[in-house]
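Here the structure comes first, spelled out in structure tokens, and everything after it is commentary.
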Amino acid sequence: MTENTTDHKQTALVTGANKGIGYEIAAGLARRGFRVGVGARDAGRREDAVAKLRADGHDVFGVPLDVTDDASVAAAAAQLEAEGGLAVLVNNAAITGGMPQEPSQVSADQVLRVVDTNVIGVLRVTNALLPLLRRAASPRIVNVSSTVGSLTLQTAQADAVGPISAAYSPTKSYLNAITIQYAKELAGTGILVNAGCPGFVATDLNGHRGTRTPEQGAAVFLELATLPDGGPSGTFRDDAGIQPW
């Protein structure tokens with residue numbers, strides 16, 4: 001994908017972009033010539049992020065977006081259409097669901113809340129924006145996943161990934177499965193659909209225990225968002241390359 005000119009910028013949307021990895025993905029896409037919609041449900045945090053990104057010289061705008069609310073998603077789609085369309089969608093918004101997450105202790109309501117944001121939210125947003133993406137020259141869908149959702153890595157006794165998690169981790173497995181299904185459905189349309197893992201990044205999501213910076217975590221998603229036409233689709237990768245499902 002070539003960079004956009006100032007007068008004919010393509011638009012990208014990053015959900016959950018008011019902080020952490022999402023914020024750095026938005027900044028990185030802006031540096032690559034995109035006009036970026038900063039999707040976030042909290043108005044104050046959203047506008048603070050927009051102001052900070054603009055102060056750094058980035059071409060961004062706020063998109064009120066609660067991925068768990070059909071009306072909010074529909075309004076975001078209408079706003080993006082009015083803004084001129086959409087070329088790149090990065091589904092980043094996610095929650096952990098709180099603790100404990102041992103399967104014997106996690107509640108059904110807890111699991112449902114996490115699924116609604118991390119999986120159904122991706123379906124809501126992606127399906128609402130597909131008509132806009134289909135009209136773009138080089139459309140890309142990027143899902144922010146994690147290797148804690150890899151069934152292969154979760155069952156490798158010597159290299160088990162992450163703590164016991166019956167809510168958050170399975171939603172990333174589900175997201176990976178959804179990524180494959182979108183890639184299959186959209187094969188031949190020019191829309192590339194891929195998932196990535198940022199690594200163990202220090203964010204609010206993990207109490208800032210991570211060992212990587214949000215900017216480092218964003219790198220793989222910037223690569224997937226700007227793949228050349230004819231690039232891979234239906235893959236799951238991190239900075240080291242392709243990862244097992």
Side-chain angles (χ1 to χ4, degrees), residues 14-25 39-42 45 65-69 73 89-126 141-157 159-182 193-214 216-221 224 235-240 243-245:
V14 183
T15 69
N18 59 289
K19 61 182 180 178
I21 297 168
Y23 179 93
E24 293 299 339
I25 295 171
R41 60 184 177 181
D42 184 282
R45 292 177 180 175
L65 180 57
D66 180 349
V67 302
T68 68
D69 182 83
V73 172
L89 169 61
V90 181
N91 288 304
N92 168 71
I95 61 173
T96 61
M99 302 301 286
Q101 291 212 356
E102 288 80 2
S104 62
Q105 299 183 58
V106 73
S107 71
D109 286 344
Q110 183 180 0
V111 173
L112 287 170
R113 285 195 304 272
V114 184
V115 170
D116 196 24
T117 296
N118 298 5
V119 181
I120 307 304
V122 171
L123 286 164
R124 283 191 188 95
V125 173
T126 302
I141 298 172
V142 181
N143 293 330
V144 176
S145 186
S146 171
T147 50
V148 302
S150 166
L151 299 181
T152 299
L153 296 178
Q154 284 287 301
T155 54
Q157 296 303 310
D159 299 301
V161 174
I164 296 173
S165 169
Y168 178 76
S169 292
T171 65
K172 293 305 184 179
S173 303
Y174 197 168
L175 179 61
N176 286 352
I178 290 292
T179 300
I180 294 170
Q181 300 309 312
Y182 271 119
V193 189
N194 293 283
C197 172
F200 191 32
V201 174
T203 66
D204 287 351
L205 204 71
N206 58 38
H208 295 273
R209 297 190 308 274
T211 57
R212 288 164 57 84
T213 67
Q216 289 173 322
V220 66
F221 305 110
L224 292 173
T235 68
F236 175 43
R237 62 166 299 147
D238 64 8
D239 284 349
Q243 291 299 314
W245 300 107

Checklist entry - Distance-only, no hydrogens or angles: does the E102 side chain make a donor-acceptor pair with backbone N or O of A166 under 3.5 Å? => result no
Next on the checklist: Working to the nearest 0.5 angstrom, can you tell me the gap between Q243 CD and C197 SG?
Outcome noted: 7.5 Å
Item to check | Main-chain N/O of G16 paired with N92 side-chain donor or acceptor, under 3.5 Å | outcome: yes
Next on the checklist: Could you report the tightest heavy-atom contact between S145 and P198, atom names first, then the distance?
Outcome noted: O-CD, 3.5 Å
Checklist entry - Step by step, would you call Q101 with Q110 a side chain to side chain contact (heavy atoms under 4.5 Å, CB included)? => result CA-CA 9 Å; Q101 291 212 356; Q110 183 180 0; 3.9 Å; yes
Checklist outcome for this item: When every non-hydrogen atom of F236 is compared with those of N176, the smallest separation belongs to CE2-ND2, 3.7 Å
Item to check | Partners meeting side-chain hydrogen bond (donor to acceptor under 3.5 Å, both in side chains) with N18 (sequence neighbours left out) | outcome: none
Item to check | side-chain hydrogen bond (donor to acceptor under 3.5 Å, both in side chains) between T126 and N91, intermediate numbers included | outcome: CA-CA 8 Å; T126 302; N91 288 304; 3.1 Å; yes
Checklist entry - Is there a side chain to side chain contact (heavy atoms under 4.5 Å, CB included) between I21 and F221 once you walk through the steps? => result CA-CA 10 Å; I21 297 168; F221 305 110; 4.3 Å; yes
Item to check | N118 side, atom CG; I95 side, atom CD1 - distance, nearest 0.5 Å | outcome: 6.0 Å
Checklist entry - Between the side chains of T179 and N194, does any donor sit under 3.5 Å from an acceptor? => result no
Checklist outcome for this item: Exactly one of L89, N143, I141, V67 clears side chain to side chain contact (heavy atoms under 4.5 Å, CB included) with V122, and that residue is N143
Item to check | I164, CD1 atom: more than 12 neighbouring heavy atoms under 6.0 Å | outcome: no
Item to check | Over all atoms of both residues, closest heavy-atom pair of G149 and S173 | outcome: O-OG, 2.7 Å
Checklist outcome for this item: Across all chains, not counting sequence neighbours, the side-chain hydrogen bond (donor to acceptor under 3.5 Å, both in side chains) partners of T15 are none
Checklist entry - Just how far is it from atom CD of Q216 to atom CG of D239, taken to the nearest 0.5 Å? => result 8.0 Å
Item to check | R41, CZ atom: more than 12 neighbouring heavy atoms under 6.0 Å | outcome: no
Item to check | Y23 OH to R45 CZ distance, which is reported to the nearest 0.5 Å | outcome: 14.5 Å
Checklist entry - In chain order, what residues pass the side-chain contact (heavy atoms from CB on, under 4.5 Å) check against T68, with sequence neighbours excluded? => result D66, D116, T117, R124
Checklist outcome for this item: OG1 of T147 to CD of Q154, rounded to nearest 0.5 Å, is 8.0 Å
Checklist outcome for this item: In terms of heavy-atom contacts, P170 and S165 come closest through CD-O, 3.1 Å
Checklist entry - Any idea which heavy atoms bring T96 and A167 closest together, and the distance? => result O-CB, 4.4 Å
Checklist entry - How far apart are the closest heavy atoms of V220 and G217, and which atoms are they? => result CG1-O, 3.9 Å
Checklist entry - Got I120 and L123 here, is their nearest side-chain heavy-atom distance under 4.5 Å? => result yes
Item to check | Verdict with reasoning, W245 to L151, per side chain to side chain contact (heavy atoms under 4.5 Å, CB included) | outcome: CA-CA 6 Å; W245 300 107; L151 299 181; over 6 Å; no
Checklist entry - Is a donor on one side and an acceptor on the other found under 3.5 Å between the side chain of K172 and the backbone of V144? => result yes
